**Student:** 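Structure below; questions to follow.
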Number of protein chains: 2
Amino acid sequence: MNKNKLFQQFVRFTTSVHQVTYDMTKEIRIENVTTVQYKILELITVSQPVTLSEISECLHLSLPNASRELKKLIQYQLCEKIIDPNDRRKFDIRLTEEGTVLMNKVFQQLEINFQERINNLSEPELKEIQNAFEILQTKFFA
Amino acid sequence: MNKNKLFQQFVRFTTSVHQVTYDMTKEIRIENVTTVQYKILELITVSQPVTLSEISECLHLSLPNASRELKKLIQYQLCEKIIDPNDRRKFDIRLTEEGTVLMNKVFQQLEINFQERINNLSEPELKEIQNAFEILQTKFFA
DNA sequence: TCGTTTAGTTATCTTTTGATAACTAAATAG
DNA sequence: CTATTTAGTTATCAAAAGATAACTAAACGA
């Protein structure tokens, strides 16, 4: 196996992934919510409940900056803190009712964009793609 | 095929890709070069020669902002304009000697990071990965 | 030739993001 | 019980990135 060729393929591939995910999300813009704030919402949505430290780590934000941005999302009533009874320094963060409704809409739109992309593919092709996701996820992007 | 499951797999997958590419590039920091400027350098490197409009479009920068950032890269002598003789409004952008040396180093480092990731994989696994890249690139992220 | 479009520039302003210091309050460890 | 660590906050400053208006100069089209 030519590992340099594989590397070049990897570079092209990741570029495409970034391009496509950008295109799929670019139309999604929530009022008053900046890019970073949206990323936080996305993270909460998929791994709720989450602590501030986790947000900070996953999104590579300093704790002060994560705290500041979260504060705004709480002001907008899109998420809320639930203090951990076992450790009152910590708290879990969840979407509010309103935030849940909003993020459901967002993910529905995302899924529509996704379905459009795979619309013209045959059943065996879909199987291939599923398989490819799985292989890369477990063996490379683990 | 359960398309909703596939969508969820896609979401997890793209998250991982972003995570891994972030980790692989985070240590790379060129003096005085900001994130956007680095993105521009990367683009020039892989698709040289390139026009300002192409940079603007590919990186989703307005033309004025792209122009401003490019100007700085030219000041740092990392790239240069080559005016198109057929259309003197346009120009091609290329890396300078110095820029080429720098970006070679960057890509070498990237490749080292990449090789480390695939180090523990067997030859058949590498083949699988190569195949997975190819399928996703041609059938999904095209 | 003249108006229009294209490609890019310059200047300016705002918003967003990043960094850091100094802080509180709770938990934990010796 | 005290010292330290952990988890997060608040305030402040600086840098980066985004948006827009007004511009130049070349090319193009009728």
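Within every chain, numbering begins at 1; the chains are lettered A, B, ... in the order of the sequence lines, protein sequences first and strands thereafter. Since the model is a prediction, treat every value here as computed from it, not as a measurement.
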**Student:** Regarding A:Asn4 and A:Gln8, is there a side-chain donor-to-acceptor distance under 3.5 Å anywhere?
**Tutor:**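 Side chains of A:Asn4 and A:Gln8: pair found under 3.5 Å.
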**Student:** Can you tell me how far CG of B:Leu121 sits from CG of B:Leu126, rounded to the nearest 0.5 angstrom?
**Tutor:**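 If we round to the nearest 0.5 Å, B:Leu126:CG and B:Leu121:CG are 5.5 Å apart.
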**Student:** Side chain of B:Arg88 only, please: which of C:dT10, D:dA26, D:dA17 is the nearest?
**Tutor:**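 Of the candidates, D:dA26 comes closest.
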**Student:** Base, sugar-phosphate, or nothing for B:Asn32, non-hydrogen atoms under 4.0 angstrom?
**Tutor:**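 B:Asn32: no heavy atom of the nucleic acid under 4.0 Å.
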**Student:** Base, sugar-phosphate, or nothing for A:Lys39, non-hydrogen atoms under 4.0 angstrom?
**Tutor:**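 Nothing, no nucleic acid heavy atom in range.
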**Student:** Check for a donor-acceptor pair, side chain of B:Thr15 on one end and backbone N or O of B:Val11 on the other, with a separation under 3.5 Å.
**Tutor:**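 Looks like yes, one N/O pair under 3.5 Å.
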**Student:** Rounded to whole Å, how long is the line connecting atom CG of B:Leu52 with atom C1' of D:dT24?
**Tutor:**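 Atom CG in B:Leu52 sits about 15 Å away from atom C1' in D:dT24.
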**Student:** Provide, to the nearest angstrom, the distance between the CG atom belonging to A:Asn65 and the P atom belonging to D:dC13.
**Tutor:**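 Nearest whole value for this atom pair: 15 Å.
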**Student:** Roughly, in whole Å, what's the span from CD in B:Glu31 to P in D:dA16?
**Tutor:**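 Distance check: B:Glu31 CD to D:dA16 P gives 12 Å.
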**Student:** Map A:Val33 and B:Ser53 onto DNA chain C by nearest heavy atom, then report which one ends up closer to the 5' terminus.
**Tutor:**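 Result: B:Ser53.
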**Student:** Can you tell me how far P of D:dA16 sits from CG of B:Leu73, to the nearest Å?
**Tutor:**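 In whole Å, D:dA16 P lies 12 Å from B:Leu73 CG.
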**Student:** Tell me if the centroids of the rings in A:Phe114 and B:Phe140 come within less than 6.0 Å of each other.
**Tutor:**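 Yes, they do, as the ring centres are separated by less than 6.0 Å.
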**Student:** Among C:dG8, D:dA7, D:dA17, which is the nearest nucleotide to the side chain of B:Thr35?
**Tutor:**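 Of the candidates, D:dA17 comes closest.
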**Student:** Can you tell me if B:Gln130 and B:Glu134 form a side-chain donor-acceptor pair at under 3.5 Å?
**Tutor:**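 B:Glu134 and B:Gln130 do not have a side-chain donor-acceptor pair below 3.5 Å.
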**Student:** Please state how far atom CD in B:Glu69 lies from atom C1' in D:dA19, giving the value in whole angstrom units.
**Tutor:**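 Distance check: B:Glu69 CD to D:dA19 C1' gives 14 Å.
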**Student:** Would the base of C:dA7 count as contacting B:Asp87 through its side chain, where contact means a donor and an acceptor less than 3.5 Å apart?
**Tutor:**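 Side chain to base: no pair present.
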**Student:** Counting only side-chain nitrogens and oxygens, does B:Lys71 get under 4.0 Å of the OP1 or OP2 atom of C:dT10?
**Tutor:**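 Yes.
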**Student:** Taking the side chain of A:Arg89 as its heavy atoms from C-beta onward, which of C:dG8, C:dA27, D:dG8 lies nearest to it?
**Tutor:**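 Output: C:dA27.
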**Student:** Would you indicate which nucleotide in D:dG8, D:dA27, C:dG8 comes nearest to any side-chain atom of A:Lys90?
**Tutor:**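 Of D:dG8, D:dA27, C:dG8, D:dG8 is nearest to the side chain of A:Lys90.
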**Student:** Mind checking if A:Lys72 touches a base, just sugar-phosphate, or nothing, with heavy atoms under 4.0 Å?
**Tutor:**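 No contact at all - A:Lys72 keeps every heavy atom at 4.0 Å or more from the nucleic acid.
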**Student:** Rounded to the Å, how far apart are B:Ile83 CD1 and D:dA27 P?
**Tutor:**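 Result: 11 Å.
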**Student:** Between P on D:dA7 and CG on A:Asn86, what's the gap in Å once rounded to a whole number?
**Tutor:**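 Going from CG in A:Asn86 over to P in D:dA7 covers 14 Å.
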**Student:** Could you state the CG-P distance from B:Leu63 to D:dC23, rounded to the nearest angstrom?
**Tutor:**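 Distance, rounded to whole Å: 18 Å.
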**Student:** Does a nitrogen or oxygen in the side chain of B:Ser62 sit under 4.0 Å from OP1 or OP2 of D:dG18?
**Tutor:**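 Looking at the OP1 and OP2 atoms of D:dG18, neither is under 4.0 Å from any side-chain N or O of B:Ser62.
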**Student:** Tell me whether the rings of A:His18 and B:His18 are parallel (<30°), tilted (30 to 60°) or perpendicular (>60°).
**Tutor:**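 The rings of A:His18 and B:His18 stand perpendicular, inter-plane angle above 60°.
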**Student:** Check every strand shown and say whether A:Asp84 touches a base, only sugar-phosphate, or nothing at a heavy-atom separation below 4.0 Å.
**Tutor:**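 Nothing, no heavy atom under 4.0 Å.
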**Student:** Per the atom types in the model, does the base of D:dG18 pair as donor or acceptor with the side chain of B:Arg68 at under 3.5 Å?
**Tutor:**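 Donor-acceptor pair under 3.5 Å: yes.
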**Student:** Does a side-chain N or O from A:Thr34 land closer than 4.0 Å to OP1 or OP2 of C:dT15, or not?
**Tutor:**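 No.
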